[in-house]
Amino acid sequence: MWQGIQAITNYRTPPPACDSDASLPDALKHFYAQFETQNSVAARKTTPPPDDQVLCLTAADVRKTLLRVDPWKAARPDNIPARVLRECADQLTDVFTDIFNISLSSATIPTCLKATTIIPVPKKSSVSCLNDYRPVALTPIIMKCFERLVMRHIKTLLPPSLDPLQFAYHPNRSTDDAISTTLQLALTHLDSRDTCLNAVHRL
């Protein structure tokens, strides 16, 4: 399907951008750091109401999430291989269940789970300035597991009246479904006589 879309839009894969300037990493570090230094508003933790029920994760859910970790994922800033989290799920389940529940009850994320490695990815083939790099953040795998557990709970609270053409936050929906639906609507429209279609393709 992707090949058909690329043929329709005349898309060509851009060559990889490579900058041999040795000062680029330092320049990017200072460029990304400026957004943090400009934020002068101190973070404030909201105290939950006394009758508010705090989410409590079960050991079974944590174990199931650890077993679903892709063992081929590279180690993140914490240097914990994904294979270790998966193969040692039985031994790590109780430990991480306690850590996650303490984090939820205190509304505080452990600092070690917030460490991030920034990978600059070029937005286009010819890079002319630092803003042409898109920062991709790699967070610890165990933090992704924590986020997945909380997201699963949030999804259960979403109303069932979401738009049927919304593909985000829907189970068994993906970008492939969005593209297929768009193509179907466009081709159905073009089946009628004296019709045209204006499409905007953004990369």
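Keep in mind that what you see is a predicted model, and the values were worked out from it rather than measured. These numbers come from the heavy atoms of this one structure, side chains and all, not from hydrogens, waters or symmetry mates.
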Using modelled atom types only, decide if a donor and an acceptor are shared between the side chain of [X] and the backbone of [Y] within a distance under 3.5 Å.
X: S103; Y: T108; value: yes
X: T116; Y: K114; value: yes
X: S105; Y: I102; value: yes

[X] vs [Y] side-chain heavy atoms within contact, under 4.5 Å:
X: F100; Y: V62; result: yes
X: L104; Y: V150; result: yes
X: L66; Y: I142; result: yes
X: I99; Y: F96; result: yes
X: T97; Y: R63; result: no

Please set out all donor-acceptor pairs under 3.5 angstrom arising from side-chain atoms of residues 68-80, sequence neighbours excluded.
residue	atom	partner	partner atom	Å
D70	OD1	W72	N	3.1
R76	NH1	T139	O	3.1
D78	OD1	I80	N	3.3

So how far is it from T156 OG1 to M151 CE, rounded to the nearest 0.5 Å?
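These two atoms lie 11.0 Å from each other.
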
Can you tell me how far CE of M143 sits from CD of E147, rounded to the nearest 0.5 angstrom?
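So the CD of E147 and the CE of M143 are separated by 4.5 Å.
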
Answer yes if [X] and [Y] sit in the same cluster of Ile, Leu, Val, Met, Phe, Trp and Tyr residues linked by side chain heavy atoms under 4.5 Å apart, and no otherwise.
X: L130; Y: I118; result: yes
X: V84; Y: V95; result: no
X: F146; Y: L55; result: yes
X: I109; Y: I141; result: yes

Please determine whether side-chain hydrogen bond (donor to acceptor under 3.5 Å, both in side chains) holds for the pair D61 and T58, giving the CA-CA distance in whole Å, both sets of side-chain angles, and the decisive distance to 0.1 Å.
CA-CA 5 Å; D61 289 337; T58 64; 3.1 Å; yes

Could you pull out the closest heavy-atom pair between [X] and [Y], with the gap in Å?
X: L57; Y: N101; result: N-OD1, 2.7 Å
X: P120; Y: Y133; result: CB-CD2, 3.9 Å
X: R86; Y: L67; result: NE-O, 3.4 Å
X: K123; Y: N131; result: NZ-O, 3.0 Å
X: A178; Y: T182; result: O-OG1, 2.8 Å

Does either side chain, that of Q184 or that of S180, offer a donor lying less than 3.5 Å from an acceptor on the other one?
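Absent: no donor and acceptor within the cut-off.
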
